[in-house]
2 protein chains.
Amino acid sequence: MKALRRGEAWSGAAGGQAGHEEPTRREELLRTAVDLFARYGYTGTSIRDIANAAGMSVSNIYHYFGNKEGLWLAILEYSINGLPDRLNAVWQSDLDPVERFRLLVKTHLSASKSHQKETRMFFIDQGEVSHRGNSRNKAIQTQILDIYVQAMDELRAAGYVHTREVKILAFNVLGVISWYLRWYRADGRLPAEKVHEEIANFVLHGVLGPAE
Amino acid sequence: MKALRRGEAWSGAAGGQAGHEEPTRREELLRTAVDLFARYGYTGTSIRDIANAAGMSVSNIYHYFGNKEGLWLAILEYSINGLPDRLNAVWQSDLDPVERFRLLVKTHLSASKSHQKETRMFFIDQGEVSHRGNSRNKAIQTQILDIYVQAMDELRAAGYVHTREVKILAFNVLGVISWYLRWYRADGRLPAEKVHEEIANFVLHGVLGPAE
DNA sequence: CAGTTTATCGAACGATCGCTCTATAATCGT
DNA sequence: ACGATTATAGAGCGATCGTTCGATAAACTG
């Protein structure tokens with residue numbers, strides 16, 4: 001039986017918001033890997049880069065994650081794995097259709113921002129990581145797209161959308177959000193809340209089209 | 001003096017729309033490299049991958065392009081190097097402000113689509129390619145962003161835009177376009193013209209906000 | 001405390017990386 | 001036709017890649 005050790009335990013995986021304990025070596029590796037993967041991509045980051053930046057031996061990566069792809073998947077696990085469910089929950093709530101869609105976008109924005117590097121890292125990936133990792137990534141992105149397509153369909157059925165090409169609308173929304181993850185810097189002039197507000201407005205007007 | 005040989009000559013670089021001559025080996029390399037770079041990224045594609053896929057020796061890459069980065073830069077050269085100027089020219093024309101902005105977006109879309117893989121390849125790049133190549137790429141992206149910021153500013157001065165955060169609007173537009181390059185497939189249901197129309201509508205409504 | 005499991009390191013392996021070198025065709029200018 | 005330049009191939013170099021292995025230290029289990 002695996003006993004709990006040090007700061008690991010039941011708390012998330014790399015978040016470490018339980019108390020102010022020092023991070024596990026495993027968490028330290030995840031943190032470092034996210035940083036490098038998001039900056040240089042999967043193939044652009046070597047196992048040694050990660051280990052050196054984290055100040056330990058490469059063997060630890062194989063001890064904790066099996067191999068490079070396992071490390072990639074572990075990051076996917078704790079960061080965006082649950083995103084589709086969160087978005088679906090928002091869309092199942094019983095609000096006014098338009099305000100519900102606005103909430104959907106804002107939830108997506110703030111959830112992505114809370115794992116900004118991770119989300120960007122998976123959005124940017126193109127198929128550099130080997131088959132299993134890549135297909136899992138693609139599957140999540142497809143799930144998210146489907147949520148938006150469904151949302152657009154319902155909005156259209158309710159008469160809010162004036163185009164038949166709802167899938168293009170869904171793609172556009174994903175494009176705006178994924179790009180936001182690339183340009184947003186936490187030390188910028190505006191607070192994230194305000195930025196999300198602006199982006200949500202843009203998306204809403206783009207989707208709803210000319211008011212009547 | 002370097003004389004002209006075979007199919008090369010004054011015709012573009014990799015396009016080869018002059019006659020139906022067989023492509024130069026240099027063009028063949030560019031074509032293959034674009035395909036692989038766009039699929040697997042810069043670090044994810046090796047010199048040997050490219051040479052093998054093109055059916056020739058690695059030496060040719062060094063003969064024609066000096067090194068791997070030179071190949072990357074040669075692609076940038078013929079594909080998106082002139083994009084900022086083209087967009088600027090559109091924006092300097094004397095049309096109705098709103099229709100001029102619509103034309104700007106549609107020009108951007110069709111110009112990017114005519115070099116879809118190349119544009120996607122540069123949009124996706126994060127800094128895997130070494131310093132010179134990356135900074136040139138970043139510079140072009142910044143130029144394009146600035147064009148949109150300027151366009152938004154003028155639209156706002158003319159009373160068409162209802163937010164002060166024009167830079168966020170500009171980012172949103174870039175996000176939509178760069179994402180379009182990732183999802184669009186030429187063999188899809190809709191013709192490109194129709195897709196561009198839809199995207200331009202989305203962007204216009206997003207930028208102009210609620211009609212009054 | 002003894003024995004097992006976990007954590008960590010450093011060395012090493014074969015494969016592949018970007019790149020250079022040398023040799024040989026092919027094509028050019030004159 | 002002939003020397004010079006260009007085009008292409010293939011072998012090979014040092015570096016780095018992902019990964020494995022054996023050793024050792026630390027921690028847990030009974």
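The chains referred to below are lettered A, B, ... by the order of the sequence lines, with proteins before strands, and numbering in each begins at 1.
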Give one of base, sugar-phosphate or nothing for [X], where a contact means two heavy atoms less than 4.0 Å apart.
X      : result
B/S130 : nothing
A/T43  : nothing
B/S46  : sugar-phosphate

Report task. If the plane angle is over 60° it's perpendicular, under 30° parallel, otherwise tilted; pick one for A/F101 and A/W91. Result ->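 Aromatic pair A/F101/A/W91 classed perpendicular.
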Query raised in the report: What is the ring orientation for A/Y180 with A/W183, classed by angle as parallel under 30°, tilted 30 to 60°, or perpendicular over 60°?
Result: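 Plane angle over 60°, so perpendicular.
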Requested in this report: Kindly point out which of C/dT20, D/dC21, C/dT6 is positioned nearest to the side chain of A/H63?
Outcome: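 Out of C/dT20, D/dC21, C/dT6, the nucleotide with an atom closest to A/H63's side chain is C/dT6.
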In whole angstroms, how far is the [atom2] atom of [N] from the [atom1] atom of [X]?
X      : N      : atom1 : atom2 : value
B/N52  : D/dA9  : CG    : P     : 11 Å
A/Y62  : D/dG22 : OH    : P     : 17 Å
A/I47  : C/dA15 : CD1   : C1'   : 16 Å
A/F65  : D/dG18 : CZ    : C1'   : 16 Å
B/E128 : C/dC17 : CD    : P     : 15 Å
A/N60  : D/dT19 : CG    : P     : 15 Å
A/Y64  : D/dG18 : OH    : C1'   : 20 Å
A/E69  : D/dC17 : CD    : P     : 19 Å

Query raised in the report: So which one's nearest nucleotide on DNA chain D is more toward 5', A/K68 or B/S57?
Result: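 This one resolves to B/S57.
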Query raised in the report: Considering only heavy atoms and no angle criterion, is a donor-acceptor pair shorter than 3.5 Å present between the side chain of B/R48 and the base of D/dG12?
Result: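 Answer yes: a donor N or O sits under 3.5 Å from an acceptor.
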Query raised in the report: Quick one: does A/R156's side chain have a donor or acceptor within less than 3.5 Å of a partner on A/T163's backbone?
Result: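 Yes: the side chain of A/R156 pairs with the backbone of A/T163.
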Query raised in the report: Between the side chain of B/N137 and the main-chain N/O of B/G133, is any donor-acceptor distance below 3.5 Å?
Result: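 Such a contact is absent between B/N137 side chain and B/G133 backbone.
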Requested in this report: Taking only the side-chain nitrogens and oxygens of A/R25, find out if one of them lies under 4.0 Å from OP1 or OP2 of C/dT8.
Outcome: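 Yes, within the criterion.
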Query raised in the report: Would you say the ring centroid of B/F123 lies under 6.0 angstrom from that of A/W179?
Result: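 Ring centres of A/W179 and B/F123 closer than 6.0 Å.
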